[in-house]
Amino acid sequence: MKVLVTGGMGYIGSHTCVQMIEEGIEPVIVDNLCNSKEAVLTRIHELTGVTPVFYQGDIRDRELLARIFNEHRIGSVIHFAGLKAVGESVEKPLEYYDNNVHGTLVLVDAMKTAGVTSLVFSSSATVYGDPDIMPITESTATGQVTNPYGRSKFMVEECLRDIQLAIPEFSITLLRYFNPVGAHPSGKMGEDPQGIPNNLMPFIAQVAVGRREYLSVFGDDYPTPDGTGVRDYIHVMDLADGHIAALKSVGETAGLHIFNLGTGQGSSVLEMVGAFSEACGYEIAFQICPRRAGDIAECWADTQKANELLGWKARFTVSEMAQDTWRWQSNNPQGY
Ligand code: NAD
Ligand code: UDP
């Protein structure tokens, strides 16, 4: 089966392409490289022996999408393409809504015209906002989002819900990722943020490799066991496998399917620092700083639905997430 992978050159998309090829699924990638590099294709080839078909272009380009659907018999689409930096989204909401919301609408319209009815969408636990009760289930209320990035994900979810109602033959799967971290165990592929990393794990990795002096820990006065923020970190290889499980189990079943992809375990910032120090063999320097605006105290997933209906369960531990990130970062100190 051929699957169109939008944003397939990015962090999660590239790992998913590798796992798809291992499973005999043929990815066809469209990516405008606004947050990734063409070198990713070579790494996919090194890991799998296959160089996926790659279209360098934008999902908002209707003609390009029509051409891709015309040139390949696409069975499903996995839609990773989008902008994802929370802070940047506050400064550039227009670009975020245009890319994430309008981009998705152009894509779905092209799918409709081409008669492709299976879509898996990269959503985020951010759609849940700051819920009172943990763990978060798929029926926890959504929409209390605090920034344009989160709102764009929520808006896309709502649009897709309406589209699926109007075109009932569509199979639409919303995968709500918790905190993706880690790298391919080979050390050849990983996260390569441009500029100063926004997220915890790539920041720690850059401190470990000497690119940054110390980690700023944003707040140690949260109502959590050690006072630092708690998140559900999930290994990117587990996440990649979650997409394949979704394609196989519900990708051909008409309806709207929603799953949390997490481990069900929360870890604090200081626990992540500890795991990374162990992986790299020396202490990661950090300073306690004020809370970051918009952050919540804690967040972790109830994964029962994905475990039962997708037959999928995250396997990797926090220690493995740190080891694999360190292997990637130390082998590629400046990224790709
Ligand atoms: P990423 O930036 O590494 O990958 C996204 C890819 O999409 C990049 O290669 C980029 O060049 C491409 N892209 C962006 N806009 C495009 C457009 N208009 N047309 C074509 N290509 C375009 O990000 P990622 O971490 O791999 O995330 C993938 C998806 O998962 C995103 O939609 C993101 O919002 C979502 N997500 C990520 C996280 C996370 O922490 N990484 C958490 C929850 C959800
Ligand atoms: N964090 C931190 N320092 C950093 C980046 C993040 O202390 O440089 C904390 C942040 O406050 C949160 C956790 O690490 O408690 C995860 O943040 P991240 O940005 O990786 O993911 P989020 O859950 O906010 O999307």
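Because the structure is predicted, anything quoted here is derived from the model rather than measured. In each ligand, atom 1 is the first atom listed, and ligand 1 is the first ligand listed.
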Which ligand 1 atoms, with their elements, are less than 4.0 angstrom from a heavy-atom of Ser123? 43 (C), 44 (C)

Distance under 4.0 Å to a non-hydrogen atom of Ala81: what atoms of ligand 1 satisfy this? 7 (O), 13 (N), 16 (C), 21 (N), 22 (C)

Before accepting this row, confirm whether a basic side-chain N of the pair Lys188/Glu46 lies closer than 4.0 Å to the acidic partner's carboxylate O. yes

Within the 6.0 Å centroid threshold, strictly below: His243 and Tyr177: yes

Before accepting this row, confirm whether a basic side-chain N of the pair Glu298/Arg231 lies closer than 4.0 Å to the acidic partner's carboxylate O. no

Under 3.5 Å side-chain donor-acceptor pair for Asp302 and Thr137: no

Ion pair Glu191/Lys84, N-O distance below 4.0 Å: yes

Which protein heavy atom lies closest to atom 3 (O) of ligand 1, and at what distance to 0.1 Å? Tyr11 N, 2.9 Å

Taking all atoms of both residues into account, what is the closest heavy-atom pair of His257 and Phe259, and its distance? CB-CE1, 3.8 Å

Please state whether His79 comes within less than 4.0 angstrom of ligand 1, counting heavy atoms only. no

Quick test of your reading of the structure: of Ser124, Ser122, Ser36, Gly57, whose heavy atom lies closest to atom 35 (C) of ligand 1? Ser122

Counting only heavy atoms, tell me which of Tyr55, Tyr149, Phe121 gets closest to atom 33 (C) of ligand 1. Tyr149

Name of the residue among Ile163, Asn99, Leu160 meeting side chain to side chain contact (heavy atoms under 4.5 Å, CB included) with Thr104: Leu160

Please table the atom pairs, donor to acceptor, closer than 3.5 Å between any side-chain atom in residues 263-272 and protein atoms at least two apart or in another chain.
{"from": "Thr263", "atom 1": "OG1", "to": "Asp232", "atom 2": "OD1", "distance (Å)": "2.7"}
{"from": "Thr263", "atom 1": "OG1", "to": "Gln265", "atom 2": "N", "distance (Å)": "3.0"}
{"from": "Thr263", "atom 1": "OG1", "to": "Gln265", "atom 2": "O", "distance (Å)": "3.4"}
{"from": "Ser268", "atom 1": "OG", "to": "Asp226", "atom 2": "OD2", "distance (Å)": "2.6"}
{"from": "Ser268", "atom 1": "OG", "to": "Leu270", "atom 2": "N", "distance (Å)": "3.4"}
{"from": "Ser268", "atom 1": "OG", "to": "Glu271", "atom 2": "N", "distance (Å)": "3.0"}
{"from": "Glu271", "atom 1": "OE1", "to": "Ser268", "atom 2": "N", "distance (Å)": "2.8"}

is_close_aromatic(Tyr336, Trp328), centroid dist under 6.0 Å: yes

Heavy atoms only: which of Asn99, Asn100, Asp31, Val30 lies closest to atom 15 (N) of ligand 1? Asn99

Counting only heavy atoms closer than 4.0 Å, does ligand 1 sit against the backbone of Ala125, its side chain, both, or neither? neither

Under 3.5 Å between any N/O of Gly10 and any N/O of ligand 1: does that happen in this structure? yes

Shortest heavy-atom approach to atom 39 (C) of ligand 1 - which of Pro180, Ser152, Pro193: Pro180

Within reach of ligand 1, part of Arg60 (heavy-atom separation under 4.0 Å): side chain

In this structure, atom 22 (C) of ligand 1 is nearest to the protein heavy atom Asn32 OD1, 3.2 Å

Do Gln323 and Ser319 have side-chain atoms, one donor and one acceptor, less than 3.5 Å apart? yes

Arg151 and Tyr96: side-chain donor and acceptor closer than 3.5 Å? no

Students should be able to answer this: which protein heavy-atom is nearest to atom 28 (C) of ligand 1, and at what distance? Phe80 O, 3.5 Å

Identify, for atom 2 (O) of ligand 1, the protein heavy atom at the shortest distance, and state residue, atom and that distance. Asn35 ND2, 2.7 Å

With respect to Tyr177, determine whether any N or O atom, backbone or side chain, lies less than 3.5 Å from an N or O atom of ligand 1. no

CG-NZ distance between Asp192 and Lys37, expressed to the nearest 0.5 angstrom: 4.0 Å

Under 3.5 Å between some N or O of ligand 1 and some N or O of Ile12? yes

Ile59 near ligand 1, heavy-atom distance under 4.0 Å? yes

So is there a nitrogen or oxygen of Gly7 less than 3.5 Å from a nitrogen or oxygen in ligand 1? no

Any side-chain donor near an acceptor of the partner, Thr117 and Glu169, under 3.5 Å: no

Enumerated ligand 1 atoms positioned under 4.0 Å from heavy atoms of Cys34: 10 (C), 11 (O), 13 (N), 14 (C), 15 (N)

Using distance alone, with no hydrogens and no angle criterion, decide if Asp324 and His235 have a side-chain donor and acceptor under 3.5 Å apart. yes

Mutual orientation of the aromatic rings belonging to His79 and Phe121 [parallel < 30°, tilted 30-60°, perpendicular > 60°]: tilted

Counting only nitrogen or oxygen atoms and a 3.5 angstrom limit, does Asp58 reach ligand 1? yes

Got a salt bridge between Arg315 and Glu320, using NZ or NE/NH1/NH2 to carboxylate O under 4.0 Å? no

Residue by residue, ordered by chain and number, which ones reach under 4.0 Å of ligand 2 with a heavy atom? Asn179, Asn198, Asn199, Leu200, Leu215, Ser216, Val217, Phe218, Gly229, Arg231, Tyr233, Val269, Arg292, Asp295

Is the shortest distance from a Lys or Arg side-chain nitrogen in Arg67 or Glu71 to a carboxylate oxygen in the other one below 4.0 Å? yes

Closest non-hydrogen protein atom to atom 25 (O) of ligand 1, residue and atom name please, with distance? Lys84 NZ, 2.8 Å

Is Leu33 touching ligand 1 with its side chain, its backbone, both, or neither, if touching means heavy atoms under 4.0 Å apart? backbone

